[in-house]
Number of protein chains: 2
Amino acid sequence: MMQLDDLDRSILRLLKKDARLTISEIAEKLNRPESTIHFRIKKLLEKGAIDHYTILLGEALQPKKVALVVLQAETPIIEDFLERYVNHIMRTLAMLSNVLFVAKSGKDTVMALIGGENEESLEAFIDENIKTLPTLKGVHVYFIDDIKKGEELIGFLVDV
Amino acid sequence: MMQLDDLDRSILRLLKKDARLTISEIAEKLNRPESTIHFRIKKLLEKGAIDHYTILLGEALQPKKVALVVLQAETPIIEDFLERYVNHIMRTLAMLSNVLFVAKSGKDTVMALIGGENEESLEAFIDENIKTLPTLKGVHVYFIDDIKKGEELIGFLVDV
DNA sequence: TATGAAAGACATCATGT
DNA sequence: ACATGATGTCTTTCATA
């Protein structure tokens, strides 16, 4: 689909670690002329290999505890209701600033990543705002205790 | 914990959308002098409100289909084995480049976000690399069909 | 902490190898 | 793909309030 060579990949890896590196710094690290780095980055942007530049918010602004909640809606008598109900749940959750991520799986399952100060406040939030939703077949809560890969995802998703 | 005022938040929101905005562009958007914006960003970095700058990889480099896999290990006779076995599973998964995210929940549950070309290849990967793991009590696979909030997470997590 | 002005660093582009 | 230089823009610093 898109052919990247080693130089492209090296540039992308450096920018992922620190997107404020100047072109001259990248050029020096990779032992290439600045003009080449400049040209490559321009192409990577044009081809859409780089979607955009962004910042990661620090731990000071992140929730201390995060849980993944998986909820399954009861299949209603009237088929059409299910989709509308599930979409309603997703919209409602997505609006909340402590809800970091919302997605659908299949027709009846919603997954949400929820942040809070600690396990207690998270549990309270889930009890009050999720388990009270009508017509749920089941709710699973997985508190995230240790992230082995992709840890930075919290700082990326958190609202400001 | 960390007190941000409206100007700080406005700057952070702008940078989240596009971290390549120059200080002068931000200054213009927010009707403040460049030196003030410069000063604020410097403070935001010092205080750790901004962890670092990064890039999001585009759709061209992203897996087309993503699934969340939740796996629970069987509780062994010898207590100490569980932690070591779960850690082993996490380390093994984290090494794979199509595994975007790995985390632990409680003592016996591992969650992984896995990317693939399509649902079939994803299913094949899970069958071959996850369901074959010994001593599993259960494996749940949730294919992610529609992301309502936090969609950009894929481009953020994908390896290059 | 906020601002204005000035100096230095940088990206960008054109041209040529 | 690489080199070089010219140009304008941006960052950074510092003095001041």
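Note that the coordinates shown come from a computational prediction; the quantities given were computed from them, not determined experimentally. Chain A is the first sequence line, chain B the second, and so forth, proteins listed ahead of strands; every chain is numbered from 1.
- Dashed line: the shortest gap from a side-chain N or O of A:T36 to OP1 or OP2 of D:dC2 is under 4.0 Å.
- Across the protein-nucleic acid pair, B:D5 atom CG and C:dA2 atom C1' stand 12 Å apart, rounded to whole Å.
- Below 30°, between 30° and 60°, or above 60°: for B:H140 and A:H140 the angle between ring planes is between 30° and 60°, a tilted geometry.
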Starting from the C-alpha separation in whole Å, work towards a yes-or-no answer on side chain to side chain contact (heavy atoms under 4.5 Å, CB included) for A:F156 and A:T54.
-> CA-CA 9 Å; A:F156 173 72; A:T54 187; 4.1 Å; yes
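- One atom, CD1 of B:I41, and another, C1' of D:dT13, lie 16 Å apart when rounded to the nearest Å.
- Dashed line: the shortest gap from a side-chain N or O of B:R32 to OP1 or OP2 of C:dA2 is not under 4.0 Å.
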List, with names and distances, any nitrogen or oxygen atoms from the protein found under 3.5 Å away from nitrogen or oxygen atoms belonging to nucleotides 10-14 of chain C.
unit_1: C:dA11; atom_1: OP1; unit_2: A:I23; atom_2: N; d: 2.6
unit_1: C:dT12; atom_1: OP2; unit_2: A:H38; atom_2: NE2; d: 3.0
unit_1: C:dT12; atom_1: O5'; unit_2: A:H38; atom_2: NE2; d: 3.4

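- Taking atom CD1 of B:I37 as the reference point, atom P of D:dT13 lies 17 Å away to the nearest angstrom.
- Note on A:I147: it clusters hydrophobically with A:M111, by side-chain heavy-atom contacts below 4.5 Å among ILVMFWY residues.
- In summary, B:D146 and A:K107 do not engage in a salt bridge, as defined by a charged side-chain N under 4.0 Å from a carboxylate O.
- Using a 4.0 Å cut-off between a side-chain N of Lys or Arg and a carboxylate O of Asp or Glu, A:R13 and B:D159 do not qualify as a salt bridge.
- A 4.5 Å side-chain heavy-atom check between A:L57 and B:L12 finds at least one atom pair inside the cut-off.
- Rounded to an integer number of Å, the gap from NZ of B:K43 to C1' of C:dA2 is 13 Å.
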